[in-house]
*Asks:* 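The following block contains the structure, expressed as structure tokens.
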Amino acid sequence: MDLAEWDQRHRDAFYSVKEALPYLEGVFVAYNSNIDAIKHLNEEDLAKLLELFEDAEIQKRISAYPREINEALDFLARLMISMRDGKAAEVPTYTAETHEWLKGHLGFDYARMGGQAGIIANLLAHLGLKKVVAYVPWLSEEQAGYFASSEGLFHPKVEGGKVFLKHPREAYKPGIDSKVNWILEYSKDLEVSCGGNSFKVPRDNRLIVSSRPKWLRLDMDKEVYEQLDSLGPIDGAMLSGYQMIKEEYEDGTTYKDYVANSVRAIEKLKSLNSELRIHVELTSIQNRVIRKAILEDIVAGHVHSLGLDTVEVANALNVLGHEELAYAVIRKGENGIMALYQGAVQLLEDLSLERVHVHCLGFYICALAKGHPLTLKEHRDSLLFASSLAATQALEGKIESMDEAEAGLEVPVSEKGLEDLENFKLYCIGRKLCSPDEFEYGYIYGPDHDAVIVPSKVVSKPKATVGIGDAISAGAFAAMLAKMKQKWAGK
Ligand code: 8BR
Ligand code: GLC
């Protein structure tokens with residue numbers, strides 16, 4: 001595979017998608033936005049944290065693998081695990097003490113927009129989409145301040161029982177608190193020494209401590225639900241934040257109520273426009289009951305598209321009963337490209353989806369149901385556009401305009417990614433999924449699905465990794481929608 005050729009394809013795709021984006025009327029983005037307090041950890045920070053506890057205590061907690069952060073030791077154990085494996089994780093905390101402890105013992109470097117929906121809404125608005133309607137059930141005044149000042153960005157505001165579209169800064173709910181998450185970023189090769197165990201961090205990544213205050217509810221205001229049509233016209237929706245759903249609430253409601261409401265909102269959105277496409281962006285979901293419910297009850301049969309990273313593929317397969325495949329994905333990480341591809345196809349089938357987009361460090365795989373309105377070339381352009389956005393986000397830490405987004409075009413395609421694809425070539429050709437030429441284009445033709453696989457651009461020293469996955473999924477999904485609209489317009 002030729003690196004220069006893929007660089008050129010990235011460039012062509014970028015301009016072709018740029019031309020298509022104005023065909024989009026509007027995108028709806030819900031539900032989660034929060035403030036991310038970002039701290040880049042260095043050796044000194046780590047040494048200070050590790051000094052606070054006995055080594056044996058830390059090791060014991062690492063073995064216990066806490067799925068919630070109830071005290072500082074849980075945090076440290078999950079941080080060690082995440083750094084040891086170089087794997088991103090998001091762990092909930094239900095107590096405000098964690099926040100206070102982190103503030104007192106660590107502090108943060110800077111704060112910015114967090115939460116998949118918040119990040120996606122800002123990115124799409126910055127790319128100049130005509131209309132982006134964000135919806136965050138817990139939009140506080142402080143949180144609203146983190147939204148882009150773009151003219152095309154809106155949020156529903158209920159006034160006298162009627163829904164109006166306003167900029168988020170004019171649509172917040174007064175008197176409510178903000179949700180603050182802690183993002184602990186670390187770099188490749190950081191040396192960690194904890195008791196007898198020493199290791200070098202294998203790749204840049206982060207641990208997220210996700211605050212889950214009691215008042216957090218993944219829901220839609222009654223008026224907004226009833227007047228969803230007033231948000232239109234909408235070509236697609238990007239939904240995320242379902243991980244916030246709890247098994248049980250103090251008022252006696254359970255996750256089943258919130259799942260049912262979520263499905264109702266999805267069905268209502270679809271009823272507004274028969275061509276509307278819905279994407280769900282997955283994240284790390286510690287609770288297996290909730291993870292299963294999100295996949296089987298919210299995603300399956302209701303939405304069209306799913307976006308996720310390697311760890312999330314493994315976790316999803318695991319709760320859907322494909323333990324062996326999940327194990328193959330997690331064990332081999334991004335080298336397990338065969339397992340990842342099989343995993344993506346399995347999710348496509350199990351969840352009756354039209355599209356499953358897996359993003360990894362160095363390449364992306366998009367499994368597609370047969371009969372999709374776009375050609376594989378158009379899907380490939382959407383993925384390559386996303387790869388350039390990811391490169392800009394990694395390089396600059398932000399994307400505030402389409403012109404700024406072009407910076408990513410200068411980042412080279414990952415050699416490691418290309419190497420991974422080379423290894424996958426024999427598998428595909430051996431199974432008659434494509435000819436050698438088709439593979440060079442990134443096109444795969446399975447018996448009951450198609451797929452596109454592309455090498456991606458990777459920045460060697462990223463500013464931060466949090467939010468890159470969202471930029472990839474949002475870029476590719478919006479590009480796909482835009483290409484569909486452009487096609488239907490006969491252009
Ligand atoms: P999540 O946030 O969903 O985990 O996605 C992170 C994605 O960011 C990875 O799948 C990878 O594609 C991308 N990424 C990371 Br991490 N580091 C990157 C880098 N340095 N350059 C480009 N993309 C990167
Ligand atoms: C999750 C986290 C949030 C972070 C986002 C990035 O939504 O809760 O803190 O900004 O992921 O993808």
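First listed ligand is number 1; within each ligand, the first listed atom is number 1. It should be emphasised that the depicted structure is a prediction, and the values quoted were computed from it without experimental measurement. Heavy atoms only: backbone and side chains are in, while hydrogens, waters and symmetry mates are out. Numbers here simply count residues along the sequence, with the first being 1.
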*Asks:* Does any N or O atom in C360 lie less than 3.5 angstrom from one in ligand 1, N or O only?
*Replies:*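 Yes; the residue has a nitrogen or oxygen that sits under 3.5 Å from a nitrogen or oxygen of the ligand.
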*Asks:* Looking only at heavy atoms of G115, does any of them come nearer than 4.0 Å to an atom of ligand 2?
*Replies:* yes
*Asks:* Tell me whether ligand 1 is touched by V458 - counting only heavy atoms on the residue side and a distance under 4.0 Å.
*Replies:*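 Per 4.0 Å heavy-atom rule, V458 contacts ligand 1.
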*Asks:* Which of the atoms in ligand 2, numbered in the order shown and given with their element, are less than 4.0 Å from a heavy-atom of N181?
*Replies:* 2 (C), 3 (C), 8 (O), 9 (O)
*Asks:* Counting heavy atoms only, name the option from D470, V459, T392 that's nearest to atom 19 (C) of ligand 1.
*Replies:* V459
*Asks:* Is there at least one pair of N or O atoms, one from H359 and one from ligand 1, spaced under 3.5 Å apart?
*Replies:*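 There is such a contact, yes.
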*Asks:* Test of understanding: given a 4.0 Å heavy-atom threshold, classify the contact between Q393 and ligand 1 as side chain, backbone, both, or neither.
*Replies:*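 No part of Q393 is near ligand 1 at this cut-off.
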*Asks:* May I ask you to check whether A390 has an N/O atom sitting below 3.5 Å from an N/O atom of ligand 1?
*Replies:* no
*Asks:* Within a distance under 4.0 Å of any heavy atom of K457, pick out the atoms of ligand 1 and give their elements.
*Replies:*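 Answer for ligand 1: 22 (C).
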*Asks:* State the atoms of ligand 2, each with its element, that fall below the 4.0 Å cut-off from a heavy-atom position in I183.
*Replies:*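 Checking each atom against I183, I get 9 (O).
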*Asks:* Measure from NZ or CZ of K18 to the centre of the six-membered ring of F14, then state whether that distance is under 6.0 Å and the direction lies within 45° of the axis.
*Replies:* no
*Asks:* Looking only at heavy atoms, is any part of Q116 under 4.0 Å from ligand 1, and if so is it the side chain, the backbone, or both, or is it neither?
*Replies:* neither
*Asks:* Is there at least one pair of N or O atoms, one from D36 and one from ligand 2, spaced under 3.5 Å apart?
*Replies:*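 D36 vs ligand 2: N/O contact under 3.5 Å present.
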*Asks:* May I ask you to check whether S210 has an N/O atom sitting below 3.5 Å from an N/O atom of ligand 2?
*Replies:*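 Among all N and O atoms of S210, none is under 3.5 Å from an N or O of ligand 2.
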*Asks:* Below 3.5 Å, N or O to N or O, backbone or side chain included: is there any such pair between Y364 and ligand 1?
*Replies:*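 It does not: no N or O of Y364 is found under 3.5 Å from an N or O of ligand 1.
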*Asks:* I'd like to know if R277 and D235 make a salt bridge, using a cut-off of under 4.0 Å between side-chain N and carboxylate O.
*Replies:* no
*Asks:* With atoms numbered from 1 as shown, which atoms in ligand 2 lie under 4.0 angstrom from a non-hydrogen atom of G114?
*Replies:*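 Checking each atom against G114, I get 10 (O).
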*Asks:* Under a heavy-atom criterion of less than 4.0 Å, does R206 contact ligand 1?
*Replies:*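 Checking ligand 1 against R206, which is what was asked, there is a heavy-atom contact under 4.0 Å.
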*Asks:* Answer with side chain, backbone, both or neither: which part of I472 has a heavy atom less than 4.0 angstrom from an atom of ligand 1?
*Replies:* side chain
